[in-house]
Amino acid sequence: MMDAETVHSFAKRRGFYWPSYEIYGGSAGFYDYGPLGSALLHNLMEHWRRLYIIREGMYEIDSPSIGPEDVFKASGHLGEFTDYLTTCQGCKAGHRADHLLEGLEKNPDALEADELWTALKEHGVKCPRCGGELTEPEPFNLMFGTGIGAGKGKKGYLRPETAQAMFVAFSNLSQQARKKLPFGVVQIGKGYRNEISPRQGLLRQREFHMAEAEIFFHPDEKRWEGDEELMRTQLKLVDQNGEDRAMAAGEATDKGIIRGEALAYFMALTQQFLVDVGVDPTRLRFRQHLQDEMAHYAADCWDAEALLSYGWTELVGVADRGSYDLSQHIAHSGEDMGVFIAYPEPRKEHRIRLVPDLKKLGPLYRGKAKMVARAIEDAAPPEGELMVEVDGETIAVPDTCYVKEEGEVVISGERIVPHVIEPSYGLDRVFYTVLEHNLDIGEKGGEEYRVLRLPPDVAPVQVGIFPLMTKPELETVAKEVMTVLRKSGLATTYDGSGSIGRRYARADEVGIPWCVTIDYESLDGKDVTVRDRDTAEQVRIPIAELGEHLCSLLRTRSG
RNA sequence: GCGGGUGUGGUGUAGCCUGGUAUCACAUUAGCUUGCCAAGCUAAUUACUCGGGUUCAAAUCCCGGCACCCGCACCA
């Protein structure tokens, strides 16, 4: 099997990627994409856009990498991403304080620093490795913090995922979708996580590329009208019980293995993308999250995993997140993000409702008055005193603050909070997988011979232009041909150095699918050879038709 | 973050134990040559991870930082 070291040195030698800031000693978890890498990464993104935006008709947005603290309080990242680490004074091993309290406290994950410390002392917890004394837990947050504005300013964080923007701007987006469900919104951008120990090259970076789609559904109608063919895609599934099987996406839905048709659809779409861009389908599977691995709000979650030299590695997570994200932002911001769904027929109902009196509520609750009012509207008529819950606290509301109204009302629909299905791609991982799965190290004439068998539309360069000999008359024509091809939109590189075989070898190694060679017959006959990377076969094509010939090859080969 | 290992041109390496001009190959550039799959000749460019210490002298010995690899922990 290909080993990662080989891929890394290859990547550096041919300019795909290398560690950042090398001349200053480097910094773990950061990588530069070089000329060929940038082009390849860009092609992956373009392919992704073609699938999600053009074919599935989703909307794209582009939002800031930095967000104010409130956003991450609401999203849960501030809490979830903060771990408290305690260190053993003896053996210096670090442990997560909440893990040490597992089984001793009811919900150790939710404890604050001082509570954790108290609990550790109360239970007399010692280092599980050597039995030594533990230090006071220190907070560690996986989000990069920063300040917004001058002076003390406002606390901000670099986003740990791009998804929150789609939830935060939901009202604007649903307006753009003309308030019809379902609709999908995507974003490609960078995410940032201050990993404790980044390892494994591109797979676990501190700054990385993500492509995420949030598809919003009516909770009872999780169906996406897309390409029906996709539901017949064979998927390799490893479910929660570790059962391993291959079946069509549609069948897995019918059998209840995948919980929901839309989830299955987006898993199939995910597979199509990965295979299109060069992930080996025989080394690809979907693994269902275990119950305790899944976020508590998630209804179901499957990771697309690729088999790499590092082992099975998550490339994409496809999750049914329910209404969790929107509900969180509704609760924290007070913004109503519901979508109004009209009934087929308006209904008449006898109703008792509570109408809040804001004039009374205002002076009483000040900043919270609006939220109290909303809670009153939602509350059922009380037996005695009205109790409402606002922002985690229970408030008794005097009966002077609202009036009871009773009567027939016409209800033409209801407001619901949409559910969301989220395919979330780690693009750098896809990138690495495409390299590792397609770098074919074989042999030719007793010598090692490398061919990067990339799909043509993913390859960083599509055409190599070579004069057969380094003679001025050939070089002139070759450069003219190059100009024409570049004008027709093909990524083209010129190489006139060394023997022709050497140039083919150089081109094969970086995955250039077609090489065009200009020889003496090209001067008279006006045609050139086009050589195919994978078969090494050559055909002669008139120069006048070359652009169209290559463009059509590109179209047919990219599916 | 803890423990162990490693760090030499763009890539892969020899040298390190036993301190004294840094080896070789490939790659790259230029010229010649070359009529289709890493041919040849000539020349050129490029390296001891960084900082400190010991020493007349450090790639080599010692200390520290950084990076990478392996294990542990971490990986919403």
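Every chain is numbered from 1 and lettered A, B, ... according to where its sequence line falls, protein lines coming before strand lines.
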Nearest listed nucleotide, side chain of A:Lys444, among B:C72, B:U29, B:C37: B:C37

Nucleotide B:A67, atom C1' - distance to CD of A:Glu195 in whole Å: 17 Å

Atom pair distance, as rounded to whole Å: CD in A:Glu509 and C1' in B:G12: 13 Å

Shortest non-hydrogen contact between A:Ile512 and A:Arg533, atoms and distance: O-CB, 3.4 Å

Enumerate donor-acceptor pairs with a distance under 3.5 Å from any side-chain N or O in residues 310-317 of chain A to protein atoms, sequence neighbours excluded.
{"residue": "A:Tyr310", "atom": "OH", "partner": "A:His8", "partner atom": "NE2", "Å": "3.2"}
{"residue": "A:Thr313", "atom": "OG1", "partner": "A:Gly311", "partner atom": "O", "Å": "3.0"}

Nearest-angstrom distance from the residue atom OH of A:Tyr24 to C1' of B:C50: 13 Å

Secondary-structure stems for RNA chain B, with pairs counted as Watson-Crick or G-U when both distances are under 3.5 Å and runs at least 3 long: B:1-7 with B:66-72, B:10-12 with B:24-26, B:28-32 with B:40-44, B:49-53 with B:61-65

Presence of A:Arg502 side-chain N/O under 4.0 Å of B:A39 phosphate oxygens OP1/OP2: yes

Contact under 4.0 Å: A:Lys12 side-chain N or O vs B:G10 OP1/OP2: no

A:Lys479 charged N/C atom sitting above A:Tyr494 aromatic ring, 6.0 Å / 45°: yes

P gap between B:C24 and B:G64, integer Å: 36 Å

Minimum-distance nucleotide to A:Thr529 side chain [options: B:U11, B:C36, B:C69]: B:C36

